[in-house]
Structures are given as C-alpha cells and as structure tokens.
Amino acid sequence: MRRTDRAAARDAGPGWTIDTLRHWDQRIREQVESSGLACFPQEFEICDQNQMLGYMAYAGMPAHYPHWSFGKRFEKLKTLHDVGATGLPYEMVINANPSLAYLMKDNSLCQQILTMAHVYGHNDFFRNNVYFGHTHPELVTGAFKLRAERVRDYIEDPSIGLERVEAFLDAAHALSLQVRRHAFIRKASRAEQEARALRRSQPPRDPHASIHPPAKPVAVDLERVPLEPEEDLLLFIRDHSTYLADWQKDVLTIVDGQARYFLPQIQTKIMNEGWASFWHHRILNALALPQGLHLEFLVHHNQVIRPQPGGLNPYHVGYRLWQHIHEEHGEAALFEVREVDSDVSFLRRFLDERLMRELDLYEYAKRGNQLVVSRVADEEHWRDVKATLLNQVGVSSVPVIRVLDADYDANRTLLLEHAYDGRELESEYAMRTLAHVRRLWGRRVLLDTVMGDERLRLSSEGDPTLR
Amino acid sequence: MSDSVIRPFSESDAVRSDRSAGDRRRHRAKVRAAIRENIADIVAEEAIIGRSGDRVLKVPIKGIKEYRFVFGANVRGSATGDGDTAPGDVVGRAGQERDQDGPGPAGDRPGVDYYETEITLEELVEVMFEDLELPALERKRLREVPSERLHKRKGYRRVGVRVQLDKRRTALARVRRKVARGRAATPVASELRAPPAGAEPARFPFHRDDIRYRRLQLDEALESNAVVLCLMDTSGSMDTMKKYLARSFFFLLYQFVRTRYRNVEVAFVAHHAQAREVTEQEFFYKGESGGTLISSAYRKALEIVDERYHPSLWNIYAFHCSDGDNWVSDNDVALAAARELCAVSNLFGYGEIKPLNSRHYGSSMLDVFGQLDEPNFQAIRLERREDVWPGLREFLAKERSELPAPARGPA
C-alpha cells in the first residue's frame, strides 16, 4: 500500500484514493452506458462505520424526523454488528434523483468497485421499475427534510411537546403499512364509487323481462362512509376522524408519505437486489480487473449471493432468477421484466419447479416449539411451497385490513375487517394495535377477523365476541 | 448520463452525524421505564446481594415493542435449504425466525422485536431505590462503595515525588526567600544592581530549596469486619412479592453495613423445621414444605458465629424474615435463642413479611417477640414495598442511638 501524506489520507482508504475511485467509476459508467442501463445521475459519499449505522437506522435518509424507535434500531444494529452477528453492508443506496449512495471508508478497492457497480444496478432499477413511478425521486431528500422539520416544530411547540408527538407517532407507525398495495392503479373517486354502487344496485338485465315481474333495485346507502372498503387506514382516519388537531393530521400525512415512499422497496426487494447483483457481476467481468482484484471480487460476490440455509437471501434468489431469465428469454426480457414486475409477479412468472428444486425451497410450519419442514419442492407440492413463498414476500406478509364503516351502530364506531386468507392475526399484537387505532380514531374500534376457525369481532374496549 | 460525484469522507460530518443520540436516549428512557414497571419481578429473580456493581444482568423487557397487525402462529413460512431438505426436518425454534437482513429500507418491515436488555447491577439498584422511595441522600450513601484510604497527610518535606508537589507552599517559600534576600542586600549593592528605568524587573526563579512536597503516612485505620446473617423461613411458598421484599431488604441491609466496614461477609440461613446454610440462589428459590421451627435458624446462626465470626473480631448483623408461622411449642425456645443471638450481635432484627394481598392472616411472631426487650433487637412488619425503607431505618435506629463500639480486628 502506498503511503500518502496526512492531508491526503482523509481522501483515501485501504488501497485507494478518491482519484482511484474516480478512475474506476469512469470505467464502470462506460459499461453501464453500453449495456443499456438508464440511471439517474449518481452521487457517492464516503462514510465511516458509525455514519453507516446511522444511515441504516434512518433508512438511508440524510434527514429524518426523530422517534425513539430509530434509537432502538440503531442500538440493535450496533449490537448485532459489535458481536459480529452481521457485517455492515458495503453500501446503501437511496431512491432519489440524483441517486445517493454511501460507501464505507474502510472497504478495500475491490469492495468499492464492486459496490459502485452494484449501486448503478439499484439506480437503474429505481428509475425504471413501474412501482417506483410515483415516488418523486427528485424531491425525496427535500421532502424528508421538510417532514423532519415539521415534526421537530411540533415537538418544540410548548402546547404539544415531545411526549404527545412521540405517543402519536407510536400509534401512526402501527398502521403505516396498512396502505393500498397497487399504488399505480388509480383509486376511484367518491363520484365514481357512487356511480358504481348505483349500477350494482340495479337488477341485472333480464332478457325475458316481458314475462317476469319487474325486479326491484336493491336499496343502496350512498351516505355510507366509506362506500367501498378502504385500505389507506392512516389517510382515512385523517380525513374522517372528528377529534384530530391539525398537527395530528399533519403527522398522519407525514407517516403515510414516508411509508408510501418505502413501499415499492419492500415490494421489490428480491428483484432489486438480484438485479444489482446480476449487473455488478456482469460489469466487473467486463472490466477485465487485474488478477488480484478479480479473485477478491469473486470471493465477495460469492459471499453476497450465497444461499442462507434456513432463510431466504434476496440476493441469492434474485440473482439466480435473473440469470435464469437471461438464459431462457434473452437480453430484451431482462429490461422488460425489471420495468413491469414486483417480487410477487416476478416469482410467480419465473420461479419454476426446476429452479425451486435447485434452490431447495421448502415450506415449514410451527409444531410445538419447533419449526418443522412440512413440504418440499417435489413434483406434488412445489406449487404449494411456491404459494407459501409468494405469501411472505413484499407486503404479502402484512395482513390486509380494510375500513368497512366509519359510523357503525350510528355512534362513530370504526368497523375494520381483516381480509382473511387462511392466515390468522397474532392476537396480542392485534389487540395492542387496535388500541393504537383507537387512539387515532378517538372512538371505539372493532375488527372482524377469523381465529381458530371462528369468526371473531375484536374490540378496542375489551373481550372479543363471536360473530 | 452526467458525471458521478464522489464526496470524500469528512471528519466533521462524522462528528456531527451522531444524530441518533437523542433517539437513543429516548429509547433508553423507555427501557428504564419498562424495567421500573417490572422491578419487583426482576429483583425477585436476580442474585444481587454482595455482587459487583458493574455486573451486567439480562432482564426481560415488556412494553417497548412496536405493535402492528402481524400474522400469528398458524402461518407457514418458506426458506431455502442446503440441498437435501426432507419433510419432517427440524429447521429452527419457533419465535426465532430469521430476519431477512441486508441493505434496504431498515425498519419498515415488522421485524423481530428483542425482549431482553442488559443493564448493570448499579442501574438496577438505582431503579430499586426509586421504587422503594429511598430518600436521595440515603441512596447516595448506600450506593457508594467506601474507598479505601490507605494514606493520610502529615506535614511537608523537601524531597518527594512530583505528584505530591505542593504548589502553594512552594510558591510561599520562594516569596519568603525573595523578601529575605531584599533585606540582606546592602544599599550600595542594590544601587549597583538596580536595573535601568523601564527595564523589566529581574527574574527571581524558583530554587531547589523552595520546593515542598506533601508528606504522606500510612493510615493506621484498623481493619473492621462485619458479617450480615440473613435468616429466612422458606417453609411457605415464596411468591414474587415476598421474594422482592425480602431480597431488597437484605440487599439494603448489606449495602448499609458495607458503608461502615471494610470487610463485609454475608451468610444465608434457610430454615423450615431444620436450618441449613445455603447460597443466595437457593435462599430465594428453595421452597420447602413442613413445619416451622424458628429456633433451628437461630441455633444455626449461633453455630456459624461460633465457627467463623467470633464477636470479638466481627460486627454481627442478623436479620430474620418470616411469614410469622411457628410451632407454638417452639416459641419459648426461639425466644431464648433470640436472646443469645442479641448478646453476640450488634443488631438483631425480625421482619414479618405479609404482603397485603396474601392469605396469611394466621399467627404472628410479632407478639412473641414483644417479650424480647433487648436494646439491640427490633421487630418490624413488611407489607408492601413502601415499608422496606422505613423498616430498615427503624431497625438501624437501634444501633444509631447506642452505637456500640465496633469490634476491632488486628490491624
């Protein structure tokens, strides 16, 4: 390693200087452009371990509103890192325009090259995947900063204060992922919903109307709120609760806005990581690295995409699937799929029996105190295992909760429904979360669900009742 | 595509960017509040008497989870295997599902919450003091481990080591010398030596003779020994509240004794119809059924004193916790043994633990011990946590009023 003088040491890491990185970045970008990736402008920032932990705790955002849960996340990450249970990631990218990525100061040159190539993969994915279409990447960092300032203002406001803001955020966080999943399908307006309800209330056209008595239209209550089940819980409460102060409504808007920004990342984790790994592999091979660097690259690459028996490494599964798509469907299919799919459709379309067996995917269930393999991807069961897998990726692992009625029993009780799909809610969590909903709504909250084959109505006020 | 920007690492950013500090502090406060809520359970379960303050305890935490709607136990999961997974293989323990880790938006998935946190014994004790409503002044005293002062100052001298340099005395000595020299100088000489007007006055540097060191002498503090004898009736079942009351009382007693003696030992005697010397663990866990002979504990305590802690060398603090049951035939024998124990102890106390909600309304030894009029005996009643501190004070007041000279061991 060449020794640099003290002033320059700031701009350097093990085996590299800023100029070395610039050189390699140049070469990587040549590859990126010639291969057809279409990226946002890229910014890299060199950071140290503590900063990286900080970015991880705050979802990569340079500015974020304060809440104790981020402190908890930081402590947890730090503990895991200190005991060596998990390494720090080589990088962290945020979906913004220009795209912002953090590189660890202590990483070797090879790691930095690999990381930069990986970052361009994410960058391209953020820019081109349809699920990110509504995230306004050019405004992201500014929006997070503004939200942080608003929350800080409320905390500093003597008539509100830290305790109340924090308690309200606790409640809002509990519902942050209860949002419509298909953000790019337009939501019907109130007028459209009314028209639809009226249409549905009409009896179907009877081809033999002349010989049948005329059917009566079904009565429809157009005053009902919501007219159709509503999945955007935070926004619904914001718009229809009569008890919320302006600052509380604003906090709900803030939490909802942040969750919506992160939603596509949750929905495309496997695709996104696979895509970036696929491209860093390709780009580094095309770079014709010196032999020493190349060997180190292979080691790191294999660490990143190695299977984790007993878990599901998104890098591993995603990388393998993209490879598979490239082999079977050719180069053009790659770019088409990265544009239109999310994890669920990606796995549904391309994970076939052969691949499932190769990945040794299996299904497990709880038996007593143990997790026991219930089915493996054999001829008979691979579809079931796949269905289980699809149920746990992205937001499929979040129960769907819908608002049915905002004025149930004509006393402003909020009636929710869990869209039961064979998976039960965890009851303690459900009750505690209901208490949070009640805090937001201001009146009694009911939740219809199914537990142990019984249809139950949970109440925020006490014991559940059978329906 | 425009050029990429690479921003170098900036030290000042790294310093400024400890932005999680506030949120970490809030989290810590929440953990502490959760510990406070469960303090009785924690103290009831942890061995704390006579342990070092920086010992780290793992304590379960309830109430700082982030609740969301999540799926429950009937949900199946899917994962990749090592190549030859077969149905029926055990792949893990329930509740230990692995987090999908890696870069990405941390914290926007319902992650696995951790239920345990670590705190030092010192922190735990602090929380316990709050819970028992100890006055702030006493808290400080009881928390302090007396530092051993091995030396004391005795005069000054001209040779010594640098750390013992006494600057004030040294400066004084220099001033004295300066004044003395001024007097000694002849007028002629002073004229000759007088500097031209406006020039700086001549320097008058320190001389080796000016330097003074503090003189230290080995302190002849005498070794002082004390033993805390913890006696407890383990015949009934020990519920959490009883354990908490007993353990915190013994702990406070031990801490108090520690503030006064350099060498403090502790012994635990558990008894039902028979008495045994046990460890702290066993002391609070072994529930035994059978009759109760309080005298057996006192005999055992006397035996221990006889063997290891001779009253001429040891200050003896004995305390007995019980729920008040005793065989009536044993009462007189117990009373006699208690008298003997009083004779050898600095202080001997009896505490009757009857949590308010417990069903023990039976007999009480408080009446029996009413007949015991030794000056260094005190019986108290512990019903709830608020009683612990006043109880201890009442008990210790016996000694404070009389203060028998502590026994002195050989230096």
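Reckoned from all heavy atoms, side chains included, excluding hydrogens, waters and symmetry mates. Below, chain A is the first sequence line, B the second, and so on; all start at residue 1.
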Taken in chain and number order and not counting sequence neighbours, the residues that satisfy side-chain hydrogen bond (donor to acceptor under 3.5 Å, both in side chains) with Glu363(A) are Ser374(A), Arg375(A), Thr388(A), Arg76(B)
Taking side chain as everything from C-beta outward and backbone as N, CA, C, O, which of these in Ile28(A) sits under 4.5 Å from a heavy atom of chain B? Side chain, backbone, both or neither. neither
Side chain, backbone, both or neither: which part of Ala29(B) has a heavy atom under 4.5 Å from chain A? neither
Is the side chain of Arg68(B) donor-acceptor paired with the backbone N or O of His173(A) at a distance under 3.5 Å, no angle test? yes
Closest non-hydrogen atoms of Tyr429(A) and Glu66(B), given as atom of the first, atom of the second and distance, are CE2-O, 4.1 Å
Name the member of Val93(A), Leu162(A), Asn272(A), Val437(A) that forms the most heavy-atom pairs with chain B at distances under 4.5 Å. Leu162(A)
Gln112(A) side, atom CD; Ile6(B) side, atom CD1 - distance, nearest 0.5 Å: 9.0 Å
In this structure, CG of Asp89(B) is separated from CG of Leu371(A) (nearest 0.5 Å) by 12.5 Å
Can you tell which of Pro87(B), Ala86(B), Gly22(B) has the highest number of heavy-atom pairs within less than 4.5 Å of chain A? Pro87(B)
Result of checking Val398(A), Leu447(A), Val400(A) against Phe69(B) for side chain to side chain contact (heavy atoms under 4.5 Å, CB included): Leu447(A)
Side chain to side chain contact (heavy atoms under 4.5 Å, CB included) test vs Phe71(B) passes for just one of Glu426(A), Arg423(A), Gln392(A), Glu424(A), namely Arg423(A)
Minimum side-chain heavy-atom gap Lys72(A)-Arg28(B) below 4.5 Å: no
Could you give me the CA-CA distance, side-chain angles and deciding distance for Arg24(B) and Lys78(A), then say whether side-chain contact (heavy atoms from CB on, under 4.5 Å) is met? CA-CA 12 Å; Arg24(B) 293 207 310 265; Lys78(A) 191 163 164 52; over 6 Å; no
Between Ser78(B) and Leu361(A), what is the shortest heavy-atom contact and its length? OG-CD2, 4.1 Å
Tell me, side chain or backbone of His418(A) under 4.5 Å from chain B's heavy atoms, or both, or neither? side chain
For Lys30(B) versus Asp170(A), what's the shortest heavy-atom pair and its separation? NZ-OD2, 4.1 Å
Among Glu166(A), Gln178(A), Met356(A), which has the most heavy-atom pairs under 4.5 Å with chain B? Glu166(A)
Donor + acceptor pair across side chains of Tyr58(A), Asp23(B) (<3.5 Å): yes
So what's closer than 4.5 Å to chain B heavy atoms on Ala63(A): side chain, backbone, both or neither? backbone
One option among Gly77(B), Gly72(B), Ala21(B) has the most heavy-atom pairs under 4.5 Å with chain A, and it is Gly77(B)
Tell me, please, which residues at least two apart from Asp25(A) pass side-chain hydrogen bond (donor to acceptor under 3.5 Å, both in side chains). Arg29(A), Tyr120(A), Ser4(B)
Looking just at side-chain N and O atoms, do Asp360(A) and Thr85(B) make a donor-acceptor pair shorter than 3.5 Å? yes
Aromatic ring pairing His436(A)/Tyr67(B), orientation class (parallel under 30°, perpendicular over 60°, tilted between): tilted
Taking all atoms of both residues into account, what is the closest heavy-atom pair of Arg19(B) and His64(A), and its distance? NH1-N, 4.1 Å
Would you compute the distance between atom CG of Asp82(B) and atom OH of Tyr362(A) and round it to the nearest 0.5 angstrom? 8.0 Å
Please rank Met451(A), His316(A), Glu428(A), Arg357(A) by heavy-atom pairs under 4.5 Å with chain B and give me the top one. Glu428(A)
Does any backbone or side-chain atom of Pro62(A) lie under 4.5 Å from a heavy atom of chain B? Answer side chain, backbone, both or neither. backbone
Go through the atoms of Ile401(A) and report whether side chain, backbone, both or neither lie under 4.5 Å from a heavy atom of chain B. side chain
State, with a plain yes or no, whether a side-chain heavy atom of Leu100(A) is found less than 4.5 Å away from one of Arg7(B). yes
For Gly311(A) and Ala79(B), the nearest pair of non-hydrogen atoms, with its separation, is O-CB, 3.5 Å
Just wondering, more than 12 heavy atoms not from Arg22(A) lying within 6.0 Å of its CZ? yes
Using only atom types and a distance under 3.5 Å, with no angle test, would you say the side chain of Asp48(A) pairs donor to acceptor with the backbone of Phe9(B)? no
